Amino acid sequence: MAEILFPALFILLALGLPVAFAMAISVFLALSFGSSYPHLVVVKEMFAGLDSFPLLAVPFFILASEIMTGGAVTQALLRLAQSLVGHLRGGLGHANIVSSAMFAGISGSALADAAGPGAMMIRMMEKGGYDKGYAGALTISSAVVGPIIPPSITMIIYAMQDQNVSVGSLFMAGILPGLLITALMLAANARMSHRRGYASGAARPPLAQIARIALYALPALFLIVLIVGGIRFGIFTPTEASVLAVFYALFAGLFIYRSLKLRDLPGIVLKAALTSAAVLLILGAARAFAWVLIIEGVPQFLAETIIAWDLSPIVFLLAVNLLLLAFGLFMDPLPGVMILVPILAPISYSLGIDPNHFAIVVIVNLTMGLATPPVGSLIFVVSSTVRLRPSTLIREMPPFFMALMLALLAITFVPVLSTWFPAVSGF
């Protein structure tokens, strides 16, 4: 079956089929021509992949994100970011990066980050004299932090594939790596802004005004504290936190910011349902795909082969980085996590690599694939949003991709970045 599965998948992806359909169809073809299993097994495995209580957190976090991304909330975060860093050289670019980091604590999705505040910041940067391609490339790169700073849909899916980590420990593990990526992106933007002569966005506002702007944005930012703090102190589980996030988002939108109207809710729920359905369809197809690999013994074979090489932990992590970077060129993070983690995670533990450290290396690596051609989803989201050719955005990417690579190397070689917060948080 594996001899049919992989060629079929690559051909279907090359033909432009969505990832979920390409994976499901390749499984059907593998069963049709390579085995005697009934096709009903595919449907069974797809449903089995979705039959999970922790997975309920995904649609609820998506719904909370849709509710919180109303105009007032997004504008509050953008204003706060601009008041903090907008006066620096390349200030609007810095504001773009900082707002992405803030919004990551609400959405948990890189695509939502790029399509929401990212699109607004591109327009602001273009009016401020920045090249439109540069603004788009910066938005693509800074949106990568979305699934790394908690909450994170990718982390929820990872924890379902690996029993040695929990959603709470991964949320804690992502905080420092997310801040590191943000800092390196700020450094890259500062360097490029100096070279191109991009001036500051505006004069630095008085401290009293910054305080008023921060106070206005505080209800939006409190959602991050609510989720992370509640999970950290054992008040509720990540799934319960996602439900609470929806109710808090409703309260903030209806009564604090008053930007949400009851008549808006059906459209918001429909949009969240469509997004959730797309995510869950990918997860179901990935489960069926992974089932074929397990039946064929592919994970066991790869594990035995790699262990036989007797690699050191560092060499193994470097090899995993290369594998995941290549994998990310053609596959989104969620199916990548479901297919590769059951294979690679047990090997990493046998080499003594901390589970949270390895998880963050995998998640950061696969998330970077969203910003790399030819299948990088962030590139096409931003391209369609600002009406630029993908090639124009790709030409501006190298400085920011280098910053992301430096962050990945630091996370790989400095495990404490991923292990300190979980340790002090009791995970």
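Just so you know, these numbers come straight off a predicted model, no measurement behind them.
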- Given F171 and F421, is the ring-ring contact (aromatic ring centres under 6.0 Å, His included) satisfied, shown in steps? CA-CA 9 Å; F171 278 9; F421 254 121; over 10 Å; no
Which side-chain N or O atoms in residues 400-411 pair as donor and acceptor under 3.5 Å with protein atoms at least two apart or in another chain?
none

- Query: Do the charged groups of R389 and E396 touch, with an N to O distance under 4.0 Å?
  - Reply: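 Not counted as a salt bridge, because no side-chain N and carboxylate O are separated by less than 4.0 Å.
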- Message: Counting C-beta onward and ignoring hydrogens, is there a side-chain heavy-atom pair between S99 and M121 closer than 4.5 Å?
- Response: yes
- Message: Side chains of V362 and L344, heavy atoms from C-beta outward: is any pair under 4.5 Å?
- Response: no
- Could you check whether the rings of F316 and F358 sit parallel, tilted or perpendicular, using 30° and 60° as the cut-offs?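 The arrangement is parallel - the two ring planes meet at less than 30°.
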- For the residue pair F251 and Y248, does the interplanar ring angle fall in the parallel (under 30°), tilted (30 to 60°) or perpendicular (over 60°) class?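 Plane angle between 30° and 60°, so tilted.
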- Task: Show your reasoning for whether side-chain hydrogen bond (donor to acceptor under 3.5 Å, both in side chains) applies to S418 and D354.
- Result: CA-CA 9 Å; S418 308; D354 183 90; over 6 Å; no
- Task: Answer yes or no: is there a donor N or O on one side and an acceptor on the other, between the side chain of T275 and the main chain of K271, under 3.5 Å?
- Result: yes
- Message: For Y216, give me all partners under ring pair (Phe, Tyr, Trp, His ring centres under 6.0 Å), at least two apart in sequence or on another chain.
- Response: Y257
- Message: Restricting to non-hydrogen atoms, name the atom on T367 and the atom on P333 that form the minimum distance, rounded to 0.1 Å.
- Response: CA-CG, 4.0 Å
Name each donor-acceptor pair under 3.5 Å that joins a side chain in residues 135-156 to protein atoms two or more places apart or in another chain, with its distance.
unit_1: T139; atom_1: OG1; unit_2: N96; atom_2: ND2; d: 2.9
unit_1: T139; atom_1: OG1; unit_2: A135; atom_2: O; d: 2.9
unit_1: S141; atom_1: OG; unit_2: A137; atom_2: O; d: 3.0
unit_1: S142; atom_1: OG; unit_2: S100; atom_2: OG; d: 3.2
unit_1: S142; atom_1: OG; unit_2: L138; atom_2: O; d: 3.0
unit_1: S142; atom_1: OG; unit_2: T139; atom_2: O; d: 3.2
unit_1: S152; atom_1: OG; unit_2: P147; atom_2: O; d: 2.5
unit_1: S152; atom_1: OG; unit_2: T154; atom_2: N; d: 3.4
unit_1: S152; atom_1: OG; unit_2: M155; atom_2: N; d: 3.2

